[in-house]
2 protein chains.
Amino acid sequence: MQPNELVSLLKKHNLKNTKVRREILAVFSHAERPIDAIYLTENIKVNKSSIYRELKVLLDKGIILEIEFGDGKKRYEFSSLKHHHHLICTNCKSVEDVTLNQDLWLEEKSIEEKTSFKIERHNLEFFGLCANCK
Amino acid sequence: MQPNELVSLLKKHNLKNTKVRREILAVFSHAERPIDAIYLTENIKVNKSSIYRELKVLLDKGIILEIEFGDGKKRYEFSSLKHHHHLICTNCKSVEDVTLNQDLWLEEKSIEEKTSFKIERHNLEFFGLCANCK
DNA sequence: TACTTTATCGCAACTTAGTTGCGTTTGTCA
DNA sequence: TGACAAACGCAACTAAGTTGCGATAAAGTA
Ligand SMILES: [Mn+2]
Ligand SMILES: [Mn+2]
Ligand SMILES: [Zn+2]
Ligand SMILES: [Zn+2]
């Protein structure tokens, strides 16, 4: 994310341009996989409560979204990325992005008609062995 | 689960027929939604480490499977149930089972061809508002 | 620039879910 | 009825995340 993009993003959401915030967003900008809070605390010199509070702010503003790998640590990615899922190697823990040919819109439409449940989001991740590990 | 089914299940997996084990399996038998460890500790008079250890045994044996709702508590269901997913109401926390018209086999096959990643399982849950809450 | 307001931050204490070491009990099979 | 491993209880511990509160620092205004 370029400095000018950052400024307009923060302005748009009425967020102050602080050091902690800039550093967290910089990590997300350069990240090639979803990032967890622990990683941020280890890579930014800032108190952990600031990390967790900032993640909540960014999540509430819709700037990032929460991803669940099921290992007890929440992960986050920019929500502006194209909707996708992940291939998680259970051996080496590598993570690849993947998009479905036909995400789940049709299935969700069908479910909503059958059940009158209003679906707002889904969490889908795949687990297995990457090319190297299999 | 009937008593004779239970005995043969335990025998098949070389598991001792203990009180704790019977009670945990009884809870799963009557459950209408995935069960978490806390629920078990609140409903069975047994030490929590026994609960967690037993869940690990049942998981390793493939008798139950782990489900992730993303709220920090692992949930478990009998693995013998027909493969399905869940509709989780973000308002009242109700949980409904749901099966896809065409689960994800085609998508997984396509992903495996494109990426040479070997998919072994997926975790898919839907979030939104149930009929009552929407 | 100085002043005011309020979001943000650091710190420490706390909570919740889950884990581990170890000594004791119990189910199973001979 | 032993022998033996699996299972259990207990207490202490870990890891991820939360909270209260006083201090600091952006951002707007005079
Ligand atoms: Mn991604
Ligand atoms: Mn279910
Ligand atoms: Zn791998
Ligand atoms: Zn509801």
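From a predicted model like this one, the values you see are computed outputs, not experimental measurements. Chain naming here is simple, since letters A, B, ... match the order of the sequence lines and numbering starts at 1 in each.
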Q: Measure across P34(B) and F69(B) and return the closest heavy-atom pair with its distance rounded to 0.1 Å.
A: CG-CZ, 3.9 Å
Q: Taking all atoms of both residues into account, what is the closest heavy-atom pair of D36(B) and I38(B), and its distance?
A: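 Distance-wise, the nearest heavy atoms are OD1-N, 3.0 Å.
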Q: Go through it in stages, so that I can follow the logic: the residues are E66(B) and R75(B), the test is salt bridge (Lys or Arg N to Asp or Glu O under 4.0 Å), and I'd like the CA-CA distance, side-chain angles, deciding distance and then a yes or no.
A: CA-CA 6 Å; E66(B) 202 169 72; R75(B) 287 173 170 76; over 6 Å; no
Q: Measure up the F28(A) and F78(A) rings against each other and bin them: parallel (under 30°), tilted (30 to 60°), perpendicular (over 60°).
A: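 Ring orientation of F28(A) relative to F78(A): tilted.
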Q: Over all strands shown, is V46(A) touching base, sugar-phosphate only, or nothing at heavy-atom distances under 4.0 angstrom?
A: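 V46(A): backbone/sugar contact only, no base atoms under 4.0 Å.
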Q: Does anything in residues 10-24 of chain A reach DNA chain C, meaning a heavy atom under 4.0 Å, and if so which residues?
A: L15(A), K16(A), T18(A), V20(A), R21(A)
Q: So, H84(A) and D103(A): side-chain donor and acceptor under 3.5 Å apart, yes or no?
A: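 On atom types as modelled, these side chains do not qualify, holding no pair under 3.5 Å.
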Q: Looking at every non-hydrogen atom in both residues, tell me the closest pair between Y52(B) and A37(B) and how far apart they are.
A: CE2-CB, 3.3 Å
Q: If I take atom NZ in residue K56(A) and atom C1' in nucleotide dA16(D), what distance separates them, rounded to the nearest angstrom?
A: 17 Å
Q: Would you find more than 12 non-hydrogen atoms of other residues, nucleotides or ligands less than 6.0 Å from K134(A) atom NZ?
A: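 It does: K134(A) NZ has more than 12 such atoms within range.
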Q: Minimum heavy-atom separation for N17(A) and L10(A), please, with both atom names.
A: CA-CD1, 3.7 Å
Q: Hey, is the main chain of K74(B) close enough, under 3.5 Å, to the side chain of E68(B) for a donor-acceptor pair?
A: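 No, because the side chain of E68(B) does not come within donor-acceptor range (under 3.5 Å) of the backbone of K74(B).
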Q: How many Å lie between CD1 on I44(A) and P on dC9(C), as a whole number?
A: 11 Å
Q: Are H122(B) and H86(A), when compared by the centres of their aromatic rings, separated by less than 6.0 Å?
A: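 They do not qualify: ring centres at least 6.0 Å apart.
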Q: So what is the end-to-end bend of the helix from dT1(C)-dA30(D) to dA30(C)-dT1(D), with 5 pairs used at each end and the value given to 10 degrees?
A: 30°
Q: Do Y76(A) and I67(A) have side chains that get closer than 4.5 Å, going by heavy atoms?
A: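 Of all side-chain heavy-atom pairs linking I67(A) with Y76(A), none is under 4.5 Å.
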Q: Do nucleotides 11-18 of chain C as a string where each nucleotide becomes B, S or -: B if the base has a protein heavy atom under 4.0 Å, S if just the sugar-phosphate does, - if no protein is that close.
A: B-----SB
Q: Can you measure E54(B) atom CD to dA7(D) atom P for me and round it to whole angstrom units?
A: 7 Å
Q: Could you state the CG-P distance from L6(B) to dG27(C), rounded to the nearest angstrom?
A: 14 Å
